[in-house]
Every structure is written in structure tokens, then in C-alpha cells.
Amino acid sequence: MKTGIEDLIDQAINTLKQQGILDAALQPAIQVTRTRDVAHGDFASNIAMMLAKPAGMNPRQLAQNLIDALPQNEHVHKVEIAGPGFINFFIHQQTTLDIIRTILDRGDRFGTSEIGHGEKVQIEFVSANPTGPLHVGHGRGAAYGATVASLMRAVGYDVDCEYYVNDAGRQMNILAVSVWLRYLQQLDVDIAFPSNGYKGDYILEIAAELVEKRGGVYVYNASQVMDGIPPDEVDGGDKEIHIDALIERARQLLGEKDYRAVFEAGLDSILADIADDLEEFGVHYDIWYSEQTLADRKLIEKAVQQLQDAGHIYENKGALWFRSTAFGDEKDRVVIRDNGQATYFASDIAYHMDKFARGFDRVINIWGADHHGYVPRVKAAINALGEDDSKLDILLVQFAILYRGGERVQMSTRSGSFVTLRELRDEVGNDAARFFYVMRKCEQHMDFDLDLAKSQSNDNPVYYIQYAHARVCSVLRQLAEKNLSHDIEAGNDKLELLTESHETELTLQLAKYPEVVEKAAINADPHLLVHYLRELANQFHTYYNAHQFIVEDDAIRNARLNLISAASQVIHNGLKLLGVSAPESM
RNA sequence: GCGCCCGUAGCUCAGCUGGAUAGAGUACAGGCCUCCGAAGCCUGGGGUCGGUGGUUCAAAUCCACUCGGGCGCGCCA
């Protein structure tokens with residue numbers, strides 16, 4: 001309907017151009033919005049005010065000219081000029097009510113569209129280091145990414161979800177050593193655990209598993225492990241130097257094969273845990289992309305070489321630098337260190353090069369906001385490689401700030417003091433967790449009150465929406481008990497009986513749903529859908545309290561049951577996009 | 001110091017690609033179950049949209065400056 005009105009205005013403008021009233025060169029962006037006040041009709045356009053200046057006319061006069069030039073349309077029953085020059089459109093009641101029929105016809109498909117034209121989109125999100133279980137901070141990125149993916153699929157994009165597994169690099173070696181040292185401790189080797197190691201309980205479990213499967217094959221005595229290792233922080237040394245030395249020692253003693261086995265015991269166990277966690281959370285990935293394979297496939301060398309060939313690399317102090325300042329970055333960045341190792345950034349350049357090589361029309365990265373300083377250099381690299389950086393969107397998600405008992409919860413992965421996503425899910429349920437995470441726009445800092453989220457109180461907005469759905473189901477169940485029927489076809493033929501103001505408002509809200517989904521998808525703003533559903537639920541509850549649906553009059557009953565069925569269908573569809581269930585009773 | 005994000009009702013937040021009297025939840029004060037589920041509904045009070053200046057017919061929305069809060073500025077990942 002909205003685009004239909006835009007077309008009407010466009011035709012009117014063309015008519016005025018032919019009449020010489022408007023300059024033929026004008027290319028106005030036609031804006032049509034739904035009105036907030038029913039007195040202003042259903043839709044309004046500010047086009048006359050936008051064009052008043054270039055046309056050299058006063059807006060109300062121009063609005064009148066436009067109205068005179070508007071083609072007739074069967075759905076529009078009245079057009080008015082209002083205020084400083086708004087053009088208000090009033091839609092026939094029957095046209096509005098027809099949306100109910102449409103919703104019931106389309107069912108689960110209502111709200112989907114093809115505006116994405118099957119464009120291939122890749123969304124990469126979470127991509128947490130596999131050094132421990134996901135915590136509640138990752139949960140927000142997971143819920144947000146999965147919801148954006150659903151929304152985009154709903155409007156016709158071909159979306160792939162990807163998790164970039166950082167399975168190379170120093171953190172993973174620290175993990176391997178952490179596992180090994182816990183393993184040794186469990187086999188009674190008297191050894192201190194490094195202050196910089198991963199201290200979480202999950203390391204103990206991985207070590208125990210290793211003991212069970214491989215027995216003592218990785219055992220060395222304390223002096224073999226510790227002799228000559230520089231002191232840890234607690235002994236007045238440097239924790240970084242200490243743990244790096246331990247990594248080297250582990251490699252020497254175990255040899256590459258056994259070291260790799262310990263390393264993979266840690267990696268595989270944690271990655272499997274993350275994958276299960278996400279799957280249970282309703283977050284599905286199409287691809288798990290290993291950072292290690294970039295090196296294995298020589299893609300990092302290739303990327304650096306390509307930058308070098310293009311003249312964007314120079315050498316300084318034994319390292320290779322990418323001249324990212326030539327592409328708007330603050331400073332140049334090292335890609336190959338003086339010790340010959342590639343930096344994380346070099347891997348990331350190769351990774352993005354490969355994303356583009358895989359033929360996506362659009363690439364979306366969802367990062368924690370603490371990585372925002374990283375954006376310019378990645379965009380710089382993409383430009384330097386001759387790709388179009390407008391195909392890459394980097395969306396930054398602020399971490400949720402947790403509160404427990406009114407106090408902020410401090411979290412650190414390394415020290416093991418964090419709330420895991422799994423704990424959160426167990427306590428508040430997947431529905432509430434998914435819903436809470438996308439309730440706020442992503443760049444907004446979010447206060448996540450654990451006590452509130454855990455409490456099964458009616459403060460929880462997800463219940464409110466689910467309750468509306470369950471209430472409709474309950475009404476439909478009541479029918480049988482009262483020996484009354486619901487005839488959808490008969491109801492569709494009597495929609496004009498829905499004349500109560502509550503019915504009109506609820507119907508209008510239902511008609512907005514496809515527009516909300518579209519806007520939420522295009523802007524990657526799931527919270528728009530959340531707010532919409534809350535409003536819809538509110539209008540349903542209001543209607544419910546004001547009128548009876550199960551009435552003796554067959555025509556009114558069927559029409560009303562069609563309306564509330566349509567409402568529950570839209571709630572069901574909307575919740576599904578959010579990854580939240582729509583229970584039939586609760 | 002430089003860069004990015006955020007300052008809207010007591011609290012948590014919408015509204016921000018400029019549009020008609022600034023919204024919701026919560027909290028607070030009242031009212032509504034012989035009636036389809038009260039996890040609900042209705043009514044009410046509550047605001048210098050952080051501040052100042054600018055652009056515009058029109059600014060919470062755009063621009064500049066400024067004050068507050070968060071984050072980032074490694075040959076870490």
C-alpha cells in the first residue's frame with residue numbers, strides 16, 4: 001500500500017512536470033509515512049514541502065496541484081492537505097481489513113518478501129577464541145547475528161552464517177600449555193600453574209579426559225618441565241615471558257606430534273562445546289572457518305604478496321609494514337614481524353580476501369565494540385587489494401554490562417570469573433535470553449540485570465508477547481467446549497463487521513508488519529521488531545479486554561476470530577524471526 | 001592527547017536518512033475478574049530531549065563547540 005501511494009505521487013509529479021508547473025529536472029525522493037494520528041489519515045507525504053522551494057511555490061498550493069494531478073485509485077477514498085503542507089491519504093476501510101485475509105492466506109509466509117533479490121550475503125559473528133566457553137558477552141553477538149540473518153532471509157537475501165575460528169596464534173598455545181600442566185598436576189607432578197594460564201574448571205575436565213584416554217604418555221617430571229624457566233609474576237618475574245618459555249618447553253619435551261595432540265584435545269573439546277552451546281541457543285552456522293587453514297593454504301603469503309605487488313608494503317626494522325595510512329588509517333600496520341611470523345592482522349587480510357573470492361555480494365562482520373579501532377585498517381586492506389569496501393559492513397555490538405545484586409559483575413576469561421552463556425540459558429531460558437539480547441539497538445550499552453532476567457516475574461517482556469499468542473490459542477480451544485465453530489471463509493466475507501476502534505487499530509498494526517520486518521532487516525535493527533511485537537501484543541490484550549470474541553452471532557464471531565487468528569499468526573511469525581518460541585499455552 | 005559510541009520521565013530504553021501535541025516498559029496513585037487465561041486492561045501525575053550556538057518553513061533528529069559516561073589507540077589476539 002505504501003509503495004502504491006509513492007507510485008501515485010510519482011505519477012502526479014510527472015503530470016505537473018508535463019504541465020510545466022514543476023521543473024522536469026527535479027528528482028525528488030518521495031517519502032510516504034504512516035501517520036501517528038488517525039485524524040491525519042493512514043499515510044502522509046511531505047513531498048509538497050520538499051518541493052516548495054525548488055518550485056518557487058508555497059507548499060499548500062503545490063500540495064493542491066499535486067492532489068489535482070493524482071490518478072484515481074480504488075483503495076484511496078480521500079486525500080487532504082493538512083498543516084504546513086502535508087498530503088494525507090485516507091484508505092478505504094475494506095482495503096485495510098483485507099490484510100486479515102492476506103495474513104490467514106499466507107500464514108507463516110506473511111511478512112516475507114523478495115526485496116533482497118537473492119543477493120548472496122555472508123554474516124560472520126561471535127568468532128570467539130576457542131580458549132573457553134562462551135560467556136554472556138558473546139551471547140549478545142550470537143543473538144544479534146542470528147536474528148539479523150533471519151530477518152535478511154525473510155526479505156529475500158541468500159544468507160550464509162560463518163564462525164571464524166581463531167585456532168592459530170599464541171592464545172591457543174597458552175591453552176595447550178594450560179591443559180598440559182593441569183594434566184601433569186592430575187598425575188601428581190608437583191608443578192605451579194602459571195598466573196597467565198587459563199584457570200577455568202573446563203581445563204580440568206579436558207585434562208581429566210586426556211588422562212583417561214591417553215594415560216601417562218605426556219608425563220614429564222617437575223624438573224624437566226620447570227628447570228631453567230624464567231620466574232612467573234608471583235615470583236617476581238614476567239608472566240608473559242614465563243608462559244612463553246613454558247610453551248617452548250612443552251614443544252621440546254612433547255615433540256611436535258604429542259604437542260599437537262594436547263593442543264587439539266583442548267581446541268576440539270572447547271570448539272565442540274561452543275558449537276553445542278550455540279546450536280542449543282538456536283544459532284546455526286553454515287560454515288566454521290579455520291584460521292589455521294589460511295596458513296595451510298598459503299593465503300596469508302598470497303595476500304601479503306598481492307599487497308606488495310601493488311606497492312603498499314615497505315620494510316622497516318626488519319618487519320613488513322602495510323601502508324594503511326594511504327587508505328585513511330591512523331598509522332601503518334605490521335603484517336610480518338621481524339621474527340618472520342605473520343600478525344593476526346595479516347591473517348585477517350587473507351581471510352577477508354577469501355571472503356570476497358568466495359563471491360558474496362555483501363559481507364557483514366559483527367564485532368564487539370572494543371574492536372572498533374580495527375575497522376579502518378581492515379577497510380584499508382580491502383581497498384588496497386582492489387576490492388570495493390562498500391560491500392563490507394562492520395556492525396559493532398556493545399558488550400552487555402552485567403549486574404548481579406545491584407552490582408556490576410567483573411568478568412575475565414583468563415581468571416575464569418565469568419558467567420557463561422550456558423549458565424544464563426539454563427537460568428532464564430533460551431526465549432528470554434534471545435529476546436533480551438536484541439531488545440536494544442546494538443550500539444547501545446546494555447545493562448543486563450541477571451537477577452531480573454533470572455526471576456520468573458511478569459516483568460519479563462517476552463512473556464507478555466507469548467501470552468498474547470497463548471491467549472488466542474486458548475480462545476480457539478474454548479470454541480469446541482461451547483459447541484461453536486470458526487469458519488475462516490465466512491469470516492473473510494464479513495470483515496466489514498469489524499468496525500470497533502480496537503479492531504481498526506489492531507488491523508492497522510497487523511498491516512504494518514511487513515514494513516517493520518523490511519526496515520529491521522535493511523537496517524540490521526532487530527529491536528524494531530521487538531518493539532513492534534510488544535505494541536501488537538498490547539493492542540491485542542486491549543481488544544481482548546474490551547470485547548468478546550466467542551459470541552452467538554456467526555458472522556461477527558467468525559470475523560473476530562479471523563482477526564485474532566491473524567494477530568497470533570503475526571506474533572508467531574515475528575517471534576520466530578527473533579528465535580523465540582510461540583507457545584500455545586503457558 | 002587523538003578516534004569511535006552513548007547522554008531523552010525516578011530507573012531501563014524507543015523515537016535520530018529533519019516533519020504535525022516527545023513515546024513505551026517499570027516504579028508510584030487509583031479503578032476493572034458472576035464475563036473467551038488478571039502473566040491482562042483502563043485512568044492519572046511525572047520531561048530545560050546533557051549544555052550553548054548555527055543551518056532550515058520545520059531540529060530530540062543535521063553541523064560546530066562544550067560538559068559528562070564508556071571503549072579503543074602493540075612487531076597481542
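Since the structure is predicted, the reported quantities are computational estimates derived from the model, not experimental observations. Chain letters run A, B, ... following the sequence lines, proteins first, then strands; residues in each count from 1.
Comparing the P positions of B:C5 and B:C42 gives a spacing of 38 Å, expressed to the nearest Å.
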Intermediate values then yes/no, ring-ring contact (aromatic ring centres under 6.0 Å, His included), A:Tyr144 and A:Tyr437 = CA-CA 7 Å; A:Tyr144 178 69; A:Tyr437 274 132; over 10 Å; no
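Atom C1' of nucleotide B:U12 and atom CE of A:Met446 are separated by 11 Å, given to the nearest angstrom. Here B:A38 presents its P atom at 10 Å from NE2 of A:His541, a figure rounded to the nearest Å. Residue A:His469 contributes atom NE2, which lies 17 Å from atom C1' of B:G40 at whole-angstrom precision. Here B:A24 presents its P atom at 11 Å from CZ of A:Arg36, a figure rounded to the nearest Å.
Residue A:His531 and nucleotide B:A24 are not classified as a stacked aromatic pair, given the requirement of ring centres less than 5.5 Å apart at an interplanar angle below 30°. The aromatic ring of A:Tyr544 does not sit over the base of B:G40, since the test of centres under 5.5 Å and planes under 30° is not met.
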For RNA chain B, just give me the dot-bracket, please: Watson-Crick or G-U, both distances below 3.5 Å, ( ) intra-strand, [ ] crossing earlier pairs, | paired with another strand, . unpaired.
-> (((((((..((((.....[...)))).(((((.......))))).....(((((..]....))))))))))))....
Are any protein N/O atoms closer than 3.5 Å to N/O atoms in nucleotides 68-77 of chain B? If there are, list each pair with its distance.
unit_1 : atom_1 : unit_2   : atom_2 : d
B:G74  : OP2    : A:Lys331 : NZ     : 3.3
B:C75  : O2     : A:Asp338 : N      : 2.9
B:C75  : O2     : A:Asp338 : OD1    : 3.1
B:C75  : N4     : A:Lys317 : O      : 3.1
B:C76  : OP2    : A:Arg337 : NE     : 3.2
B:C76  : OP2    : A:Arg337 : NH1    : 2.5
B:C76  : O5'    : A:Arg337 : NH1    : 3.1
B:A77  : OP1    : A:Arg337 : NH1    : 3.3
B:A77  : OP2    : A:Tyr344 : N      : 3.2
B:A77  : O2'    : A:Asn129 : ND2    : 3.0

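Minimum atom distance to the side chain of A:Lys441 is reached by B:C16, of the listed B:C41, B:G40, B:C16. The nucleotide whose nearest atom lies closest to any side-chain atom of A:Ala82 is, among B:A38, B:G19, B:A20, B:A20.
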